[in-house]
Number of protein chains: 2
Amino acid sequence: MREKELRRSMSVLPIGTVMKLTDLTARQIRYYEQQDLIKPLRNEGNRRMYSLNDVDRLLEIKDYLDDGLNISGIKEVYKKQSQLEDERKRNLEKGLTDSDVRKILQDEFLNIGGLKPPSSSFDDPNNLNKLNH
Amino acid sequence: MREKELRRSMSVLPIGTVMKLTDLTARQIRYYEQQDLIKPLRNEGNRRMYSLNDVDRLLEIKDYLDDGLNISGIKEVYKKQSQLEDERKRNLEKGLTDSDVRKILQDEFLNIGGLKPPSSSFDDPNNLNKLNH
DNA sequence: TAGTGAATGTTATATTTTATGACATCAGTT
DNA sequence: AACTGATGTCATAAAATATAACATTCACTA
């Protein structure tokens with residue numbers, strides 16, 4: 001499903017839509033960007049344009065904040081996450097099978113710990129209901 | 001996949017995004033709406049908000065126009081289409097199996113004919129590339 | 001307790017985007 | 001040539017967004 005990933009990464013949503021989908025204020029969304037938690041693209045007129053992946057991440061951020069993490073903590077989580085992803089890529093390039101990699105990743109998770117996977121986005125129909133009145 | 005359909009029908013895209021995704025001008029998009037080919041919702045500020053389904057339909061409309069149909073013809077196509085959908089629903093309500101309905105629909109298509117299924121949307125990477133510069 | 005900082009609210013100003021309506025153009029038809 | 005359908009273009013008004021500054025709230029702590 002390469003196609004699907006493409007669509008999820010397309011920057012097509014203005015901040016107003018993202019506000020409704022996430023129930024965050026523009027202030028919050030811009031602040032999280034300033035803290036390097038998200039990096040929306042800009043259109044020709046300098047307006048921020050968000051992808052569905054951005055929305056997912058914002059919902060994650062909300063969950064983490066609700067869980068008592070602060071911005072620094074969330075940044076740390078994402079740093080670890082991308083470290084793991086990088087290592088996975090390196091392993092795949094070295095010719096390891098996918099299930100090999102899965103085993104390695106499991107070990108890493110066990111050793112590091114504390115990386116609760118946040119609840120997946122779009123679980124909550126409320127976010128949908130808030131659209132268009 | 002009820003969830004997916006929900007997302008595809010959510011009105012989240014402003015007209016500027018739709019212009020890029022479809023390579024249509026705002027004038028064209030509003031004109032097709034005026035001709036009742038699409039019915040985007042409006043947000044609190046009266047701005048048109050489009051769904052991915054709307055984008056699909058606009059790409060269909062473009063294909064039909066390229067094929068030489070005029071607006072009236074396209075309207076006719078969609079009228080037939082919704083008639084078929086209605087009949088399908090009625091049949092399902094009457095307790096027919098899904099495969100029964102499929103057979104009936106096949107017959108109908110054969111009898112009516114000329115209803116070329118338009119190329120599915122998002123086939124063309126060009127539409128994606130036009131986003132954000 | 002006063003002070004500090006993180007997260008967010010609020011307000012003002014400038015720019016961009018969109019809506020609407022009118023008039024113009026252009027190709028195809030009669 | 002006149003007519004029509006589809007689209008372009010322009011003017012005007014309103015809505016949405018960007019940016020920056022200042023305010024507030026709350027938890028923590030010296």
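The chains referred to below are lettered A, B, ... by the order of the sequence lines, with proteins before strands, and numbering in each begins at 1.
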Asks: From the options A:E33, A:Q28, A:R27, select the one residue that forms a side chain to side chain contact (heavy atoms under 4.5 Å, CB included) with A:Y31.
Replies: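 Of A:E33, A:Q28, A:R27, side chain to side chain contact (heavy atoms under 4.5 Å, CB included) with A:Y31 is met by A:R27 alone.
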Asks: Verify the contact: side-chain N or O of B:N43 to OP1 or OP2 of D:dA16, cut-off strictly under 4.0 Å; return yes or no.
Replies: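 Yes, B:N43 has a side-chain N/O under 4.0 Å of OP1/OP2 on D:dA16.
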Asks: When you measure from the side chain of B:R27, which nucleotide among D:dT17, D:dG8, D:dC22 comes out closest?
Replies: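 For B:R27, the side-chain atoms sit closest to D:dG8.
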Asks: Without decimals, in angstroms, what is the distance between A:L65 CG and C:dA7 C1'?
Replies: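 After rounding, the reported distance stands at 9 Å.
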Asks: For B:R30 and D:dA6, what is the distance between atoms CZ and P respectively, to the nearest whole Å?
Replies: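 After rounding, the gap between these two atoms is 18 Å.
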Asks: Can you find a side chain N or O atom of A:N46 that sits less than 4.0 Å from OP1 or OP2 on D:dT19?
Replies: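 Checking A:N46 against D:dT19: at least one side-chain N or O falls below 4.0 Å of OP1 or OP2.
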Asks: Whole angstrom is fine here: how far is it from CD in A:Q35 over to P in C:dG5?
Replies: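 Taking CD of A:Q35 and P of C:dG5, I get 15 Å after rounding.
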Asks: Considering residues, nucleotides and ligands other than A:K4, do more than 12 of their heavy atoms fall under 6.0 Å from its NZ?
Replies: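 Not more than 12 within 6.0 Å, no.
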Asks: As a test of reading the structure: which of C:dA19, D:dA16, D:dA6 is closest to the side chain of A:R47, going by heavy atoms?
Replies: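 From the listed options, D:dA16 comes nearest.
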Asks: Could you check how far CG of A:N70 sits from C1' of C:dT4, rounded to whole Å?
Replies: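 After rounding, the gap between these two atoms is 15 Å.
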Asks: Rounded to whole Å, how long is the line connecting atom CD of B:Q34 with atom P of C:dA22?
Replies: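 Taking atom P of C:dA22 as the reference, CD of B:Q34 is at 12 Å.
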Asks: For A:N43 and A:R47, test the side chains for any donor-to-acceptor distance below 3.5 angstrom and give the result as yes or no.
Replies: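 On atom types as modelled, these side chains do not qualify, holding no pair under 3.5 Å.
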Asks: How many whole angstroms separate atom CD1 of A:I71 from atom C1' of C:dA6?
Replies: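 Interatomic distance, CD1 of A:I71 to C1' of C:dA6: 8 Å.
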Asks: How is A:R48 classified with respect to the nucleic acid when contacts are heavy atoms under 4.0 Å: base, sugar-phosphate, or nothing?
Replies: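 Since only primed, P, OP1 and OP2 atoms lie under 4.0 Å of A:R48, the category is sugar-phosphate.
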Asks: Among A:D66, A:T22, A:L69, A:I74, find the residue that satisfies the side chain to side chain contact (heavy atoms under 4.5 Å, CB included) test when tested with A:I61.
Replies: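 With A:I61 as partner, side chain to side chain contact (heavy atoms under 4.5 Å, CB included) holds for just one option, A:I74.
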Asks: Kindly confirm or rule out a cation-pi arrangement of B:R57 over B:Y78, judged by NZ or CZ under 6.0 Å from the six-membered ring centre and within 45° of its axis?
Replies: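 The answer is yes; both the distance and angle limits are met.
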Asks: How many whole angstroms separate atom CD1 of B:I61 from atom P of D:dT7?
Replies: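 Taking atom P of D:dT7 as the reference, CD1 of B:I61 is at 10 Å.
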Asks: CD of A:Q28 versus P of D:dA18: gap in Å, rounded?
Replies: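 My rounded result for the distance is 15 Å.
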Asks: Is the shortest side-chain N/O distance from A:Y31 to OP1 or OP2 of C:dT8 below 4.0 Å?
Replies: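 So the side-chain polar atoms of A:Y31 never come under 4.0 Å of the phosphate oxygens OP1 or OP2 of C:dT8.
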Asks: Does B:Y32 or B:G45 map to a spot on DNA chain D nearer the 5' end, using the closest nucleotide for each?
Replies: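 The residue mapped nearer the 5' terminus is B:Y32.
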Asks: Just to be sure I understand the rule, does B:T25 reach a base, reach only the sugar-phosphate, or reach nothing, if contact means heavy atoms closer than 4.0 Å?
Replies: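 It contacts sugar-phosphate atoms only.
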